[in-house]
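Worksheet: the structure to be examined is printed underneath.
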Amino acid sequence: MKNRLRFAPSPTGYLHVGGARTALFNWLYCKHYGGQFLLRIEDTDKARSTDESTRAIFDGLNWLGLTWDEEVVFQGASLALHQTDARALLDKNKAYRCFCTAAELDARRKDAEKMKQAFRYDGRCDRLKPDELKAKLDASTPFTIRFRIPGGSTTWNDLVHGDITFPNKDVDDFIILRGDGTPIYNLAVVSDDIAMNITLVMRGDDHISNTPKQIMLYQALGAAIPKFAHLPMIHGMDGKKLSKRHGATAVGDYQHLGMLPEAMLNFLALLGWSPGNDLEVMSVAEMVEKFSADHLSKKAAVFDTQKLEWMNGQHLSRTAGDALMPVVAKALDAAGLASLKDIESKRAWFLKLVELLKIRARTIDDIVRQATPYLRDSIEYDPEAVAKQWKEREPTAKTLSATRDALAAAKDWAPAVLEEDLRKLAESLGTTGGKIFQPLRVALTGLTVSPGIFDVLELLGRERSLARIETAVKHLSS
RNA sequence: GGCGGUAUCGUCUAGAGGCCUAGGACACGGCCCUCUCAAGGCUGGAACACGGGUUCGAAUCCCGUUACCGCUACCA
(Lines give C-alpha, C1' and ligand atoms only; values in the text may rest on other atoms or scores of the structure.)
Protein backbone atom coordinates (compact mmCIF):
# COMPACT_ATOMS: atom_id res chain seq x y z
CA MET A 1 0.00 0.00 0.00
CA LYS A 2 1.23 3.44 -0.87
CA ASN A 3 2.11 5.72 2.02
CA ARG A 4 -0.10 8.74 2.38
CA LEU A 5 0.81 11.26 5.05
CA ARG A 6 -0.70 14.59 5.78
CA PHE A 7 0.32 17.71 7.58
CA ALA A 8 -2.76 19.32 9.06
CA PRO A 9 -2.02 22.63 10.76
CA SER A 10 -4.75 24.78 12.19
CA PRO A 11 -5.10 28.12 10.43
CA THR A 12 -3.23 30.17 13.01
CA GLY A 13 -1.92 32.70 10.55
CA TYR A 14 1.69 31.59 10.68
CA LEU A 15 3.75 28.44 10.53
CA HIS A 16 5.06 27.67 13.98
CA VAL A 17 8.50 26.02 14.21
CA GLY A 18 6.89 23.02 15.89
CA GLY A 19 4.49 22.73 12.99
CA ALA A 20 7.34 23.17 10.56
CA ARG A 21 9.18 20.28 12.14
CA THR A 22 6.09 18.08 12.02
CA ALA A 23 5.71 18.96 8.35
CA LEU A 24 9.39 18.22 7.79
CA PHE A 25 9.21 14.74 9.32
CA ASN A 26 6.07 13.91 7.35
CA TRP A 27 7.84 15.12 4.22
CA LEU A 28 11.08 13.29 4.98
CA TYR A 29 9.15 10.10 5.58
CA CYS A 30 7.46 10.38 2.20
CA LYS A 31 10.68 11.21 0.41
CA HIS A 32 12.65 8.45 2.09
CA TYR A 33 10.15 5.62 2.09
CA GLY A 34 8.09 6.75 -0.87
CA GLY A 35 4.62 8.14 -0.54
CA GLN A 36 2.52 11.21 -0.88
CA PHE A 37 2.74 14.25 1.30
CA LEU A 38 -0.61 15.96 1.64
CA LEU A 39 -1.50 19.28 3.13
CA ARG A 40 -4.77 19.96 4.82
CA ILE A 41 -5.68 23.10 6.65
CA GLU A 42 -7.62 21.95 9.67
CA ASP A 43 -10.72 23.93 10.34
CA THR A 44 -13.90 22.26 11.47
CA ASP A 45 -16.48 24.93 11.53
CA LYS A 46 -15.70 28.54 11.94
CA ALA A 47 -13.90 29.16 8.67
CA ARG A 48 -10.91 30.64 10.44
CA SER A 49 -8.84 29.71 7.49
CA THR A 50 -8.94 33.03 5.74
CA ASP A 51 -6.93 33.61 2.62
CA GLU A 52 -4.26 35.35 4.69
CA SER A 53 -3.94 32.72 7.36
CA THR A 54 -3.68 29.87 4.89
CA ARG A 55 -1.25 31.80 2.77
CA ALA A 56 1.00 32.28 5.78
CA ILE A 57 1.20 28.50 6.17
CA PHE A 58 1.81 28.01 2.46
CA ASP A 59 4.51 30.68 2.47
CA GLY A 60 6.32 29.04 5.36
CA LEU A 61 6.24 25.64 3.71
CA ASN A 62 7.28 27.07 0.37
CA TRP A 63 10.20 28.92 1.87
CA LEU A 64 11.40 25.70 3.45
CA GLY A 65 10.91 23.91 0.16
CA LEU A 66 8.53 21.36 1.67
CA THR A 67 6.42 20.77 -1.40
CA TRP A 68 3.20 18.84 -1.14
CA ASP A 69 1.42 16.59 -3.59
CA GLU A 70 -2.14 17.61 -2.83
CA GLU A 71 -3.71 20.28 -0.78
CA VAL A 72 -7.11 20.51 0.82
CA VAL A 73 -8.33 23.60 2.52
CA PHE A 74 -11.24 22.62 4.66
CA GLN A 75 -13.43 25.57 5.39
CA GLY A 76 -16.37 23.56 6.42
CA ALA A 77 -16.13 22.06 2.94
CA SER A 78 -16.25 18.58 4.35
CA LEU A 79 -19.07 19.44 6.72
CA ALA A 80 -21.46 17.09 4.94
CA LEU A 81 -18.98 14.26 5.31
CA HIS A 82 -18.61 14.87 9.03
CA GLN A 83 -22.35 15.00 9.50
CA THR A 84 -22.86 11.82 7.52
CA ASP A 85 -20.33 10.01 9.69
CA ALA A 86 -21.91 11.31 12.88
CA ARG A 87 -25.31 10.26 11.61
CA ALA A 88 -23.99 6.80 10.72
CA LEU A 89 -22.64 6.39 14.21
CA LEU A 90 -26.01 7.36 15.61
CA ASP A 91 -27.79 4.90 13.32
CA LYS A 92 -25.41 2.10 14.24
CA ASN A 93 -26.16 2.91 17.87
CA LYS A 94 -22.51 3.72 18.53
CA ALA A 95 -23.38 7.26 19.49
CA TYR A 96 -26.30 8.96 21.19
CA ARG A 97 -27.97 12.32 21.48
CA CYS A 98 -27.04 14.41 24.47
CA PHE A 99 -29.46 17.08 25.61
CA CYS A 100 -27.31 18.51 28.36
CA THR A 101 -26.60 22.18 27.76
CA ALA A 102 -23.16 23.67 27.77
CA ALA A 103 -24.05 25.63 30.90
CA GLU A 104 -25.16 22.49 32.75
CA LEU A 105 -22.02 20.65 31.76
CA ASP A 106 -19.93 23.57 32.85
CA ALA A 107 -21.59 23.72 36.25
CA ARG A 108 -21.11 20.01 36.81
CA ARG A 109 -17.50 20.28 35.81
CA LYS A 110 -16.92 23.13 38.23
CA ASP A 111 -18.53 21.14 41.03
CA ALA A 112 -16.33 18.19 40.35
CA GLU A 113 -13.26 20.38 40.37
CA LYS A 114 -14.30 21.90 43.64
CA MET A 115 -14.50 18.43 45.15
CA LYS A 116 -11.09 17.66 43.68
CA GLN A 117 -12.75 14.95 41.66
CA ALA A 118 -12.17 14.06 38.05
CA PHE A 119 -15.08 15.26 35.98
CA ARG A 120 -16.69 12.52 33.97
CA TYR A 121 -19.71 12.75 31.78
CA ASP A 122 -22.05 10.37 33.53
CA GLY A 123 -23.84 9.17 30.41
CA ARG A 124 -27.22 10.28 31.68
CA CYS A 125 -28.54 11.06 28.22
CA ASP A 126 -27.59 7.57 27.13
CA ARG A 127 -29.99 6.23 29.72
CA LEU A 128 -33.02 8.20 28.58
CA LYS A 129 -36.14 6.04 28.38
CA PRO A 130 -37.69 5.80 24.89
CA ASP A 131 -40.59 8.04 25.87
CA GLU A 132 -38.26 10.62 27.45
CA LEU A 133 -36.20 10.67 24.28
CA LYS A 134 -39.32 11.03 22.15
CA ALA A 135 -40.54 13.91 24.30
CA LYS A 136 -37.21 15.76 23.93
CA LEU A 137 -37.23 15.19 20.22
CA ASP A 138 -40.84 16.26 19.85
CA ALA A 139 -40.07 19.41 21.78
CA SER A 140 -37.16 20.06 19.41
CA THR A 141 -34.75 20.22 22.32
CA PRO A 142 -31.30 21.03 20.93
CA PHE A 143 -28.78 18.23 21.26
CA THR A 144 -25.21 17.27 20.57
CA ILE A 145 -24.09 13.84 19.48
CA ARG A 146 -21.87 11.92 21.83
CA PHE A 147 -19.77 8.92 20.99
CA ARG A 148 -20.37 5.96 23.28
CA ILE A 149 -17.05 4.52 24.45
CA PRO A 150 -17.07 0.74 24.26
CA GLY A 151 -15.59 -1.44 26.98
CA GLY A 152 -12.12 -2.94 26.94
CA SER A 153 -8.97 -1.10 26.12
CA THR A 154 -7.34 0.52 23.13
CA THR A 155 -3.77 -0.18 22.10
CA TRP A 156 -1.70 0.90 19.18
CA ASN A 157 1.90 0.49 18.23
CA ASP A 158 3.22 3.99 17.97
CA LEU A 159 6.09 4.44 15.55
CA VAL A 160 8.06 6.43 18.09
CA HIS A 161 6.73 5.24 21.43
CA GLY A 162 6.03 1.57 20.85
CA ASP A 163 2.88 0.11 22.37
CA ILE A 164 0.60 2.54 24.14
CA THR A 165 -2.54 1.31 25.88
CA PHE A 166 -5.47 3.20 27.31
CA PRO A 167 -8.19 1.49 29.32
CA ASN A 168 -11.38 2.64 27.62
CA LYS A 169 -13.03 3.33 30.93
CA ASP A 170 -10.67 6.27 31.31
CA VAL A 171 -11.99 8.02 28.27
CA ASP A 172 -15.20 9.97 28.42
CA ASP A 173 -18.12 9.69 26.06
CA PHE A 174 -17.09 12.69 24.01
CA ILE A 175 -19.08 14.99 21.79
CA ILE A 176 -18.55 14.48 18.08
CA LEU A 177 -21.12 16.89 16.70
CA ARG A 178 -22.04 20.22 18.21
CA GLY A 179 -25.54 21.50 18.71
CA ASP A 180 -25.22 23.54 15.54
CA GLY A 181 -24.33 20.47 13.56
CA THR A 182 -20.63 21.22 13.16
CA PRO A 183 -18.11 18.56 14.10
CA ILE A 184 -15.59 18.45 16.91
CA TYR A 185 -11.93 17.98 16.03
CA ASN A 186 -11.69 14.31 16.90
CA LEU A 187 -14.47 13.40 14.48
CA ALA A 188 -13.30 15.84 11.85
CA VAL A 189 -9.74 14.50 11.64
CA VAL A 190 -10.90 10.93 11.51
CA SER A 191 -13.49 11.60 8.79
CA ASP A 192 -11.03 13.64 6.78
CA ASP A 193 -8.19 11.15 7.20
CA ILE A 194 -10.44 8.33 6.08
CA ALA A 195 -11.58 10.37 3.11
CA MET A 196 -8.00 11.12 2.16
CA ASN A 197 -6.83 7.54 2.67
CA ILE A 198 -4.19 8.55 5.15
CA THR A 199 -1.98 5.60 6.10
CA LEU A 200 0.27 7.18 8.71
CA VAL A 201 -0.68 9.96 11.06
CA MET A 202 2.45 11.75 12.20
CA ARG A 203 1.80 14.63 14.56
CA GLY A 204 2.73 16.19 17.89
CA ASP A 205 2.92 14.39 21.19
CA ASP A 206 0.06 16.44 22.54
CA HIS A 207 -2.30 14.26 20.52
CA ILE A 208 -1.45 11.02 22.29
CA SER A 209 -4.49 11.14 24.51
CA ASN A 210 -6.72 11.92 21.52
CA THR A 211 -5.52 8.80 19.76
CA PRO A 212 -7.62 6.18 21.61
CA LYS A 213 -10.71 8.28 20.89
CA GLN A 214 -9.84 8.45 17.25
CA ILE A 215 -9.03 4.75 16.97
CA MET A 216 -12.39 3.91 18.49
CA LEU A 217 -14.00 6.18 15.92
CA TYR A 218 -12.21 4.39 13.08
CA GLN A 219 -13.42 1.09 14.48
CA ALA A 220 -16.98 2.27 14.90
CA LEU A 221 -16.97 3.65 11.38
CA GLY A 222 -15.60 0.36 10.10
CA ALA A 223 -12.55 2.04 8.58
CA ALA A 224 -8.96 0.84 8.44
CA ILE A 225 -6.87 2.24 11.26
CA PRO A 226 -3.75 4.11 10.11
CA LYS A 227 -0.39 3.88 11.82
CA PHE A 228 0.48 6.60 14.29
CA ALA A 229 3.70 8.40 15.09
CA HIS A 230 3.78 10.95 17.88
CA LEU A 231 6.63 13.41 17.71
CA PRO A 232 7.95 15.11 20.84
CA MET A 233 7.25 18.77 21.53
CA ILE A 234 9.64 21.66 21.13
CA HIS A 235 10.25 23.75 24.22
CA GLY A 236 11.78 27.16 24.84
CA MET A 237 15.00 27.62 26.84
CA ASP A 238 12.97 27.61 30.05
CA GLY A 239 11.66 24.13 29.36
CA LYS A 240 8.16 25.35 28.70
CA LYS A 241 6.23 24.82 25.50
CA LEU A 242 7.52 27.18 22.84
CA SER A 243 5.32 30.26 22.66
CA LYS A 244 5.26 33.90 21.70
CA ARG A 245 7.12 35.04 24.78
CA HIS A 246 10.14 33.01 23.71
CA GLY A 247 10.56 35.50 20.88
CA ALA A 248 10.61 34.30 17.30
CA THR A 249 8.50 31.18 16.98
CA ALA A 250 7.26 31.39 13.40
CA VAL A 251 9.44 30.15 10.60
CA GLY A 252 8.81 33.46 8.84
CA ASP A 253 10.61 35.18 11.72
CA TYR A 254 13.71 33.14 10.99
CA GLN A 255 13.46 33.87 7.32
CA HIS A 256 13.56 37.56 8.14
CA LEU A 257 16.40 37.03 10.59
CA GLY A 258 18.50 35.92 7.65
CA MET A 259 18.41 32.16 8.07
CA LEU A 260 18.79 29.79 5.16
CA PRO A 261 15.94 27.33 4.66
CA GLU A 262 18.38 24.43 4.43
CA ALA A 263 19.91 25.37 7.77
CA MET A 264 16.50 25.74 9.37
CA LEU A 265 15.48 22.32 8.07
CA ASN A 266 18.76 20.79 9.22
CA PHE A 267 18.41 22.27 12.68
CA LEU A 268 14.75 21.27 13.01
CA ALA A 269 15.51 17.73 11.84
CA LEU A 270 18.09 17.33 14.60
CA LEU A 271 15.48 18.33 17.15
CA GLY A 272 13.95 14.92 17.59
CA TRP A 273 15.91 12.88 15.12
CA SER A 274 19.49 11.92 14.49
CA PRO A 275 21.11 9.86 11.76
CA GLY A 276 22.47 7.61 14.51
CA ASN A 277 26.03 8.88 14.39
CA ASP A 278 27.97 12.10 14.79
CA LEU A 279 26.87 13.63 11.53
CA GLU A 280 25.17 16.99 12.05
CA VAL A 281 25.49 19.33 9.12
CA MET A 282 23.52 17.84 6.27
CA SER A 283 21.98 18.91 3.01
CA VAL A 284 18.32 18.25 2.43
CA ALA A 285 19.22 15.42 0.07
CA GLU A 286 21.35 13.84 2.77
CA MET A 287 18.57 14.11 5.30
CA VAL A 288 16.18 12.39 2.92
CA GLU A 289 18.70 9.65 2.32
CA LYS A 290 19.56 9.08 5.96
CA PHE A 291 16.12 9.57 7.44
CA SER A 292 14.84 6.65 9.42
CA ALA A 293 11.68 6.47 11.46
CA ASP A 294 13.32 4.42 14.18
CA HIS A 295 15.74 7.14 15.08
CA LEU A 296 13.01 9.53 16.09
CA SER A 297 13.36 10.56 19.69
CA LYS A 298 10.70 10.58 22.39
CA LYS A 299 11.98 13.44 24.43
CA ALA A 300 10.89 17.04 24.12
CA ALA A 301 13.68 19.23 22.75
CA VAL A 302 14.67 22.74 23.68
CA PHE A 303 14.96 25.20 20.83
CA ASP A 304 18.47 26.64 21.07
CA THR A 305 18.84 29.72 18.88
CA GLN A 306 22.61 29.77 19.26
CA LYS A 307 22.95 26.37 17.71
CA LEU A 308 20.59 27.38 14.93
CA GLU A 309 22.84 30.33 14.16
CA TRP A 310 25.91 28.13 14.18
CA MET A 311 24.13 25.73 11.86
CA ASN A 312 23.22 28.60 9.57
CA GLY A 313 26.84 29.73 9.52
CA GLN A 314 27.88 26.26 8.49
CA HIS A 315 25.39 26.21 5.64
CA LEU A 316 26.35 29.72 4.63
CA SER A 317 29.98 28.66 4.31
CA ARG A 318 29.11 25.57 2.33
CA THR A 319 26.68 27.17 -0.06
CA ALA A 320 28.20 28.41 -3.31
CA GLY A 321 28.32 32.17 -3.66
CA ASP A 322 26.15 32.30 -6.75
CA ALA A 323 23.48 30.24 -5.03
CA LEU A 324 23.51 32.83 -2.26
CA MET A 325 23.36 35.79 -4.61
CA PRO A 326 19.57 36.04 -5.03
CA VAL A 327 18.83 36.18 -1.33
CA VAL A 328 21.81 38.39 -0.51
CA ALA A 329 20.90 40.73 -3.34
CA LYS A 330 17.40 41.03 -1.99
CA ALA A 331 18.69 41.77 1.50
CA LEU A 332 21.20 44.33 0.21
CA ASP A 333 18.47 46.00 -1.78
CA ALA A 334 16.12 46.02 1.19
CA ALA A 335 18.84 47.59 3.33
CA GLY A 336 19.27 50.31 0.72
CA LEU A 337 22.92 49.43 0.16
CA ALA A 338 22.69 48.45 -3.47
CA SER A 339 19.96 48.18 -6.03
CA LEU A 340 19.15 44.94 -7.76
CA LYS A 341 20.18 46.59 -11.00
CA ASP A 342 23.61 47.55 -9.63
CA ILE A 343 24.14 44.07 -8.40
CA GLU A 344 23.20 42.59 -11.73
CA SER A 345 25.54 44.84 -13.63
CA LYS A 346 28.47 44.25 -11.28
CA ARG A 347 27.70 40.65 -10.61
CA ALA A 348 31.29 39.39 -10.57
CA TRP A 349 32.31 42.00 -8.02
CA PHE A 350 29.33 41.25 -5.77
CA LEU A 351 30.05 37.56 -6.05
CA LYS A 352 33.57 38.13 -4.78
CA LEU A 353 32.19 40.18 -1.91
CA VAL A 354 29.75 37.42 -0.96
CA GLU A 355 32.43 34.75 -1.18
CA LEU A 356 34.57 36.72 1.22
CA LEU A 357 31.83 37.49 3.70
CA LYS A 358 29.82 34.29 3.80
CA ILE A 359 32.54 32.34 5.57
CA ARG A 360 32.59 34.75 8.48
CA ALA A 361 28.86 35.37 8.76
CA ARG A 362 26.21 33.43 10.60
CA THR A 363 23.21 35.00 8.96
CA ILE A 364 22.35 36.85 5.78
CA ASP A 365 21.95 39.89 7.99
CA ASP A 366 25.55 39.51 9.07
CA ILE A 367 26.59 39.60 5.44
CA VAL A 368 24.62 42.78 4.86
CA ARG A 369 26.13 44.39 7.94
CA GLN A 370 29.64 43.42 6.97
CA ALA A 371 29.14 44.51 3.38
CA THR A 372 28.35 48.09 4.35
CA PRO A 373 31.87 49.58 4.14
CA TYR A 374 32.29 48.30 0.59
CA LEU A 375 29.03 49.73 -0.64
CA ARG A 376 28.80 53.14 0.93
CA ASP A 377 30.65 56.11 -0.50
CA SER A 378 32.00 57.14 2.86
CA ILE A 379 32.74 55.20 5.97
CA GLU A 380 32.40 55.91 9.65
CA TYR A 381 35.27 55.28 11.98
CA ASP A 382 34.29 53.01 14.80
CA PRO A 383 35.43 54.80 18.00
CA GLU A 384 36.77 51.60 19.47
CA ALA A 385 38.73 50.82 16.34
CA VAL A 386 40.21 54.32 16.39
CA ALA A 387 41.08 54.04 20.05
CA LYS A 388 42.79 50.75 19.52
CA GLN A 389 44.56 51.08 16.19
CA TRP A 390 45.04 54.85 15.80
CA LYS A 391 46.17 55.53 19.31
CA GLU A 392 49.10 57.73 18.35
CA ARG A 393 47.87 60.03 15.64
CA GLU A 394 51.09 61.33 14.12
CA PRO A 395 53.01 58.10 13.79
CA THR A 396 49.87 56.46 12.43
CA ALA A 397 49.39 59.20 9.87
CA LYS A 398 52.98 58.73 8.83
CA THR A 399 52.64 55.00 8.44
CA LEU A 400 49.45 55.46 6.50
CA SER A 401 51.09 57.94 4.15
CA ALA A 402 53.91 55.55 3.52
CA THR A 403 51.42 52.79 2.92
CA ARG A 404 49.54 54.92 0.45
CA ASP A 405 52.71 55.73 -1.43
CA ALA A 406 53.68 52.10 -1.59
CA LEU A 407 50.27 51.12 -2.82
CA ALA A 408 50.11 53.93 -5.34
CA ALA A 409 53.35 52.63 -6.77
CA ALA A 410 52.14 49.06 -7.03
CA LYS A 411 52.62 47.59 -10.48
CA ASP A 412 49.46 45.60 -10.35
CA TRP A 413 46.42 45.94 -8.06
CA ALA A 414 46.35 42.29 -7.18
CA PRO A 415 46.37 40.82 -3.66
CA ALA A 416 49.62 38.92 -4.07
CA VAL A 417 51.45 41.94 -5.47
CA LEU A 418 50.06 44.30 -2.86
CA GLU A 419 51.04 41.92 -0.09
CA GLU A 420 54.58 41.68 -1.34
CA ASP A 421 54.85 45.47 -1.55
CA LEU A 422 53.43 46.10 1.89
CA ARG A 423 55.56 43.45 3.52
CA LYS A 424 58.59 45.05 1.94
CA LEU A 425 57.45 48.38 3.29
CA ALA A 426 57.12 46.91 6.76
CA GLU A 427 60.62 45.57 6.54
CA SER A 428 62.03 48.90 5.44
CA LEU A 429 60.23 50.64 8.30
CA GLY A 430 61.62 48.07 10.67
CA THR A 431 58.25 46.84 11.74
CA THR A 432 55.90 43.90 11.20
CA GLY A 433 53.09 43.50 8.76
CA GLY A 434 50.45 43.62 11.43
CA LYS A 435 51.56 47.09 12.50
CA ILE A 436 50.75 48.33 9.04
CA PHE A 437 47.72 46.23 8.23
CA GLN A 438 45.67 47.07 11.29
CA PRO A 439 45.71 50.88 10.96
CA LEU A 440 45.13 50.38 7.25
CA ARG A 441 42.08 48.27 7.95
CA VAL A 442 40.58 51.07 9.99
CA ALA A 443 41.33 53.56 7.22
CA LEU A 444 39.70 51.32 4.67
CA THR A 445 36.69 50.03 6.56
CA GLY A 446 36.47 52.01 9.78
CA LEU A 447 36.49 48.69 11.61
CA THR A 448 38.91 46.31 13.25
CA VAL A 449 37.18 43.37 11.66
CA SER A 450 37.17 42.50 7.99
CA PRO A 451 38.28 39.91 5.47
CA GLY A 452 42.01 39.72 4.75
CA ILE A 453 43.38 43.19 4.13
CA PHE A 454 44.53 42.45 0.58
CA ASP A 455 41.13 41.15 -0.36
CA VAL A 456 39.69 44.34 1.05
CA LEU A 457 42.05 46.40 -1.08
CA GLU A 458 41.12 44.46 -4.14
CA LEU A 459 37.42 44.75 -3.41
CA LEU A 460 37.63 48.48 -2.88
CA GLY A 461 39.81 49.00 -5.93
CA ARG A 462 42.74 51.32 -6.41
CA GLU A 463 40.95 54.65 -6.51
CA ARG A 464 38.72 54.16 -3.52
CA SER A 465 41.45 52.58 -1.43
CA LEU A 466 43.88 55.40 -2.01
CA ALA A 467 41.16 57.98 -1.43
CA ARG A 468 40.18 56.42 1.88
CA ILE A 469 43.75 56.33 3.06
CA GLU A 470 44.09 59.96 2.05
CA THR A 471 40.98 60.82 4.04
CA ALA A 472 42.32 58.95 7.04
CA VAL A 473 45.64 60.77 6.91
CA LYS A 474 43.80 64.09 6.78
CA HIS A 475 41.54 63.02 9.61
CA LEU A 476 44.56 62.12 11.72
CA SER A 477 46.44 65.28 10.96
CA SER A 478 43.58 67.64 11.71
C1' G B 1 -7.52 15.04 41.10
C1' G B 2 -7.65 11.12 36.91
C1' C B 3 -5.12 9.19 32.71
C1' G B 4 -1.02 9.12 29.44
C1' G B 5 3.99 10.35 28.00
C1' U B 6 9.23 11.48 29.06
C1' A B 7 13.89 11.20 31.89
C1' U B 8 22.33 10.77 29.36
C1' C B 9 26.82 17.18 30.06
C1' G B 10 23.54 24.08 30.70
C1' U B 11 21.42 22.71 25.40
C1' C B 12 20.86 19.10 20.91
C1' U B 13 22.19 14.17 20.99
C1' A B 14 25.21 8.93 20.26
C1' G B 15 24.29 4.65 23.02
C1' A B 16 19.47 -1.41 21.37
C1' G B 17 23.43 -5.87 28.34
C1' G B 18 29.97 -6.30 28.10
C1' C B 19 33.08 -1.99 22.77
C1' C B 20 31.44 3.29 28.39
C1' U B 21 37.22 5.44 32.33
C1' A B 22 29.85 7.30 28.54
C1' G B 23 31.25 9.56 22.29
C1' G B 24 30.03 13.99 19.10
C1' A B 25 27.97 19.03 18.49
C1' C B 26 26.34 24.07 20.43
C1' A B 27 27.77 27.31 24.39
C1' C B 28 31.92 28.45 27.87
C1' G B 29 37.69 28.55 29.15
C1' G B 30 42.86 27.69 27.40
C1' C B 31 46.43 26.90 23.43
C1' C B 32 47.81 26.79 18.11
C1' C B 33 47.27 29.04 13.25
C1' U B 34 47.23 34.31 11.95
C1' C B 35 47.20 41.18 9.32
C1' U B 36 41.89 41.48 12.40
C1' C B 37 37.51 38.52 12.44
C1' A B 38 35.41 34.02 11.06
C1' A B 39 36.69 29.14 9.90
C1' G B 40 39.98 25.21 11.29
C1' G B 41 43.21 22.18 14.69
C1' C B 42 44.40 20.74 19.75
C1' U B 43 42.64 21.00 24.70
C1' G B 44 39.74 21.82 29.72
C1' G B 45 35.49 21.74 32.82
C1' A B 46 30.56 19.46 32.27
C1' A B 47 25.75 14.12 32.22
C1' C B 48 23.54 8.27 32.69
C1' A B 49 17.16 11.75 38.12
C1' C B 50 16.72 8.48 42.67
C1' G B 51 15.85 3.61 44.96
C1' G B 52 15.20 -1.41 44.36
C1' G B 53 15.44 -5.79 41.42
C1' U B 54 16.96 -9.28 36.97
C1' U B 55 21.99 -10.73 35.36
C1' C B 56 28.55 -13.19 35.83
C1' G B 57 27.81 -8.06 34.00
C1' A B 58 23.05 -2.46 33.23
C1' A B 59 23.07 4.20 30.80
C1' U B 60 20.76 0.10 28.26
C1' C B 61 15.70 -4.85 30.78
C1' C B 62 11.69 -4.85 35.00
C1' C B 63 9.30 -2.39 39.29
C1' G B 64 8.66 1.78 42.42
C1' U B 65 9.68 7.02 43.65
C1' U B 66 10.52 11.88 42.06
C1' A B 67 10.44 15.71 38.47
C1' C B 68 8.78 17.68 34.00
C1' C B 69 5.27 17.73 29.93
C1' G B 70 0.55 16.68 27.66
C1' C B 71 -4.68 15.51 27.65
C1' U B 72 -8.79 15.74 30.84
C1' A B 73 -13.85 21.72 26.20
C1' C B 74 -20.24 21.95 22.17
C1' C B 75 -10.60 24.36 20.97
C1' A B 76 -7.57 22.28 17.47
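Every chain is numbered from 1, with letters handed out A, B, ... down the list of sequences. Computed from a prediction, not measured in an experiment: that's the story for all the values here.
At whole-Å resolution of the value, CZ in A:R97 and C1' in B:C74 are 16 Å apart. Between A:H82 atom NE2 and B:C74 atom C1' the separation is 16 Å, expressed in whole Å. When the C1' atom of B:G15 is taken as reference, atom CG of A:D278 falls 11 Å away, rounded to whole Å. If you measure from atom NE2 of A:H230 to atom P of B:C71, you get 12 Å, rounded to the nearest angstrom. Rounded to an integer number of Å, the gap from CZ of A:R109 to C1' of B:C71 is 13 Å. Distance A:L242 CG to B:U11 P: 16 Å, rounded to the nearest Å.
Taking side-chain N and O atoms only, A:R178 has a distance below 4.0 Å to OP1 or OP2 of B:A76. In this structure, A:H161 reaches the B:U6 phosphate: one of its side-chain N or O atoms is under 4.0 Å from OP1 or OP2.
As judged by a 4.0 angstrom heavy-atom cut-off over every strand, A:Q117 is placed among residues making no nucleic acid contact. Nucleic acid contact for A:D172: none, since no nucleic acid atom lies under 4.0 Å from a heavy atom of the residue. Contact annotation for A:T101: base contact, defined as any heavy-atom pair under 4.0 Å involving a base atom. Nucleic acid contact class of A:R120 (heavy atoms, under 4.0 Å, all strands): none. Residue A:D206 is classed as a sugar-phosphate contact, given heavy-atom separations below 4.0 Å to backbone atoms only. Residue A:G204 is classed as having no contact, given no heavy-atom separation below 4.0 Å to the nucleic acid. A:A102 comes within 4.0 angstrom of a base, heavy atoms only. Looking at heavy-atom distances under 4.0 Å, A:G313 makes no contact with the nucleic acid at all.
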Could you run down nucleotides 29-46 of chain B 5' to 3' and tag each one B, S or - for protein heavy-atom contact under 4.0 Å?
-> ------BBBSSS------
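Across every non-hydrogen atom of A:E286 and A:V281, the tightest pair is OE1-O, 4.3 Å.
Listed by residue number, there are no residues of residues 146-160 of chain A with a heavy-atom contact under 4.0 Å to RNA chain B.
Using Watson-Crick or G-U wobble geometry with both donor-acceptor distances under 3.5 Å, B:C20 finds no partner in any strand shown. Across all strands shown, B:G57 forms no Watson-Crick or G-U wobble pair with both distances under 3.5 Å. Applying the Watson-Crick and G-U wobble criteria (two distances, each under 3.5 Å), B:G4 pairs with B:C69. Remark: B:A39 base-pairs with no nucleotide; criterion is Watson-Crick or G-U wobble with both hydrogen-bond distances under 3.5 Å. Using Watson-Crick or G-U wobble geometry with both donor-acceptor distances under 3.5 Å, B:C74 finds no partner in any strand shown. B:C28 is paired with B:G44 under the Watson-Crick or G-U wobble criterion, all donor-acceptor distances under 3.5 Å. Base pairing analysis places B:G51 opposite B:C63; the two distances defining the Watson-Crick or G-U wobble pair are each below 3.5 Å.
Salt bridge annotation for A:K388-A:E384: absent, with no cationic side-chain nitrogen under 4.0 angstrom from a carboxylate oxygen. Ion pairing of A:K352 with A:E458 is present here, as a side-chain N (NZ or NE/NH1/NH2) and a carboxylate O approach within less than 4.0 Å.
A:R108 forms no cation-pi arrangement with A:F119, by the criterion of a distance under 6.0 Å to the ring centre and an angle within 45° of the ring axis.
Annotation: of the two residues near RNA chain B, A:L105 and A:F303, the 5′-most nearest-nucleotide partner is A:F303. Where A:H295 and A:T144 meet RNA chain B, the nucleotide closest to each residue was compared, and A:H295 sits on the side nearer the 5' end.
Every residue meeting the side chain to side chain contact (heavy atoms under 4.5 Å, CB included) condition with A:T165, not counting sequence neighbours, appears here in chain and number order: A:S153, A:T155.
Counting only residues at least two apart or on different chains, no salt bridge (Lys or Arg N to Asp or Glu O under 4.0 Å) pair has a member in residues 425-437 of chain A. For residues 11-21 of chain A, the set of pairs meeting the side-chain hydrogen bond (donor to acceptor under 3.5 Å, both in side chains) definition, not counting sequence neighbours, is empty.
Taking the six-membered ring where the residue is Trp, A:Y218 and A:F228 present perpendicular rings, their angle passing 60° and hence far from 30°. Using bins of under 30°, 30° to 60° and over 60° for the plane-to-plane angle, the ring pair A:F291/A:H32 lands in the perpendicular bin.
For B:A25, the base has a donor-acceptor partner in the side chain of A:K307 [N/O atoms by modelled type, under 3.5 angstrom].
No hydrogens or angles considered: a donor-acceptor pair under 3.5 Å links the side chains of A:R203 and A:T211.
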Validation: residues 302-313 of chain A side-chain donor-acceptor distances under 3.5 Å, sequence neighbours left out:
residue : atom : partner : partner atom : Å
A:D304  : OD1  : A:Q306  : N            : 3.1
A:K307  : NZ   : A:E280  : OE1          : 3.2
A:N312  : OD1  : A:L260  : N            : 2.7
A:N312  : ND2  : A:G258  : O            : 3.3
A:N312  : ND2  : A:R362  : O            : 2.7

